[in-house]
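Let me begin by presenting the structure, written as structure tokens, before commenting on it.
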Amino acid sequence: MLTITDLVHSYGPHRVLGGVSLSVAEGELVSVVGPSGCGKSTLLRSVAGLLKPSGGRIMLAGRPVERTPDDLAIVFQDYSRSLFPWMSAANNVALPLRRKGLDRRRRREAAMSALDQVGLADAGAKYPWEMSGGMQQRVSIARALAYRPSLLLMDEPFGSVDAQTREDLEDLVLNVCAHHGMTILLITHDIDESVYVGDRVVVLTRSPAVVAADLETRLGRSRDQIATRQLDAFVRLRAEVGRLVRGGHTTEPTSVLEKQ
Amino acid sequence: MDYARVLRGVAGAAGFLAAAEVVGLSGLVDDRFLPRMSTVLGAAAGLVADPDFLADAGATLTVWFLGLLLTVVLAVPAGLLLGTLPRAEAAVRPLIEFLRPIPSVAVIPLAILLFSDNLHLKLAVIVYASSWPVLINTIYGLKDVDPLAKETLRSFGFGPVPVLARVALPSAAPFIATGIRVASGIAVILAISAELMAGGSEGVGIYITEAASGGRIDLMLAATLWAGLFGLVADAVMVAAERRLFRWHHVRTGGAR
């Protein structure tokens with residue numbers, strides 16, 4: 001589905017991506033985790049065609065990404081900036097569907113159905129600024145769902161909501177995406193979250209970032225906020241990812257090399 | 001609307017009128033030159049039924065409206081163009097910054113030489129003077145558009161023109177509206193100034209000139225009072241419209257005006 005080969009990017013003399021290679025198979029949810037400022041967002045923006053990387057290759061569905069791919073949606077961390085405040089929630093969700101050539105009634109139906117899936121069936125007429133942060137992020141997720149992208153990119157999607165809402169949204173994304181068989185690349189700096197939501201966890205090093213490890217979570221598709229986090233496999237994996245994110249030099253300095 | 005605030009404003013205006021009346025009564029000022037406030041107010045009330053004045057007011061109102069309309073039609077697209085083309089803006093900016101501080105009334109004599117048609121003359125000076133706030137606010141509003149909002153739509157595959165129409169323009173609209181409101185005040189000033197300086201057959205400025213030359217200071221001031229009142233009402237109507245249309249903007253900016 002998505003193959004990134006040796007992606008390199010520099011902002012002036014500052015090299016953020018030092019040759020990142022990873023792939024996402026169809027229907028997979030891959031979380032990318034790494035220390036802050038390691039270039040995770042640069043990676044995502046390159047995949048989205050919003051930024052032209054200095055080097056490397058990105059193939060989406062067999063075609064190189066040069067401009068913004070047609071079949072892609074992004075959920076940003078900052079819902080308050082990414083939703084349009086002059087439009088109701090339903091119109092926010094419906095707007096991108098213009099690209100799909102749907103008529104007004106079909107757009108409206110698709111928007112209402114997506115809002116229903118994220119638990120906002122009655123909030124379509126509300127404006128973003130009349131909603132809580134969690135509700136706004138649900139609208140962003142609904143907007144991406146309604147678009148039915150072949151690849152969904154999520155940039156720290158739960159980074160600006162409280163802990164309880166965060167858990168609700170994690171489960172929402174897991175359920176809805178399993179239901180639609182969506183392919184997702186999710187970026188986060190939260191180690192726990194990367195393991196909880198991912199089929200695979202890709203760990204990036206500090207910038208210039210390379211892939212430190214690419215780990216299968218093997219936690220199954222149905223996950224539970226309490227039970228999954230108690231599993232031995234979860235606890236071990238979280239610890240391993242944690243060490244890798246810290247650059248491996250607090251404990252077990254060789255684990256980075258071992259994994260590769 | 002803040003009721004207490006309105007009340008204070010009314011109290012301030014009433015206080016000024018009362019003070020002016022007291023000064024008039026005290027005999028400090030010769031009321032042949034500055035009639036008493038009550039006389040001016042009476043004359044102002046009388047003008048409502050004066051067909052000559054109403055015709056003049058209608059003429060000025062028409063010029064004001066046409067001038068403002070023309071300003072919006074010209075300055076908003078120009079601002080959109082300059083706001084989206086930073087290089088063009090950099091080239092034009094020094095010229096704008098040079099022309100803008102020139103008192104607009106100073107261009108009226110030039111306009112008198114350039115335009116033989118009285119209506120064209122008035123429209124030209126109104127458009128010249130009123131365009132600046134609309135142009136500047138449009139450019140500023142476009143620069144202020146959140147890049148993430150634009151990227152959101154770009155990521156869904158929308159091109160530059162749809163992004164301009166669906167994100168940049170709505171997002172800049174409150175700034176553009178404020179520019180138009182400022183322009184409306186300027187247009188009133190320029191319409192009457194042009195009538196005063198360039199003459200013509202009708203308009204509040206003409207009425208004021210004729211009242212003054214006829215020694216009717218009370219009528220002159222009464223007409224001036226109406227001009228001021230019109231500016232005030234036009235501003236209030238636009239503020240109310242902005243609050244209604246751009247509630248999302250005022251909620252975000254904490255309702256600050």
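Chain letters run A, B, ... following the sequence lines, proteins first and then strands; every chain starts at 1.
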Best-contacting candidate, Asp71(A), Leu83(A), Leu95(A), Asp70(A), against chain B by heavy atom pairs under 4.5 angstrom: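 Top count of heavy-atom pairs under 4.5 Å with chain B: Leu95(A).
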
Neighbour count above 12 (heavy atom, 6.0 Å) for [X] [atom1]:
X	atom1	result
Lys126(A)	NZ	no
Asp122(A)	CG	no
Arg81(A)	CZ	yes
His180(A)	NE2	yes
Trp132(B)	CH2	yes
Tyr140(B)	OH	no
Tyr11(A)	OH	yes
Arg93(B)	CZ	yes

Checking heavy atoms, do the side chain of [X], its backbone, both or neither come under 4.5 Å from chain B?
X	result
Pro128(A)	neither
Asp78(A)	both
Ala73(A)	both
Arg45(A)	side chain

Residue pair Leu50(A) / Ser155(B): nearest heavy atoms and the distance that separates them: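 In terms of heavy atoms, the two residues are closest at CD2-N, 4.3 Å.
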
Ser82(A) versus Thr152(B), closest heavy-atom pair with distance: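 Nearest heavy atoms, Ser82(A) then Thr152(B): OG-OG1, 3.4 Å.
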
Approximate separation, where rounding is to 0.5 Å, of [X] [atom1] and [Y] [atom2]:
X	Y	atom1	atom2	answer
Phe84(A)	Ser171(B)	CZ	OG	9.0 Å
Arg98(A)	Phe156(B)	CZ	CZ	14.0 Å
His249(B)	Trp129(A)	NE2	CH2	12.5 Å

Side chain to side chain contact (heavy atoms under 4.5 Å, CB included) between Ile74(A) and Glu151(B), worked out: CA-CA 9 Å; Ile74(A) 309 184; Glu151(B) 280 193 344; over 6 Å; no

Donor-acceptor pair, side chain of Tyr127(A) and main chain of Trp248(B), under 3.5 angstrom: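 No, because the side chain of Tyr127(A) does not come within donor-acceptor range (under 3.5 Å) of the backbone of Trp248(B).
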
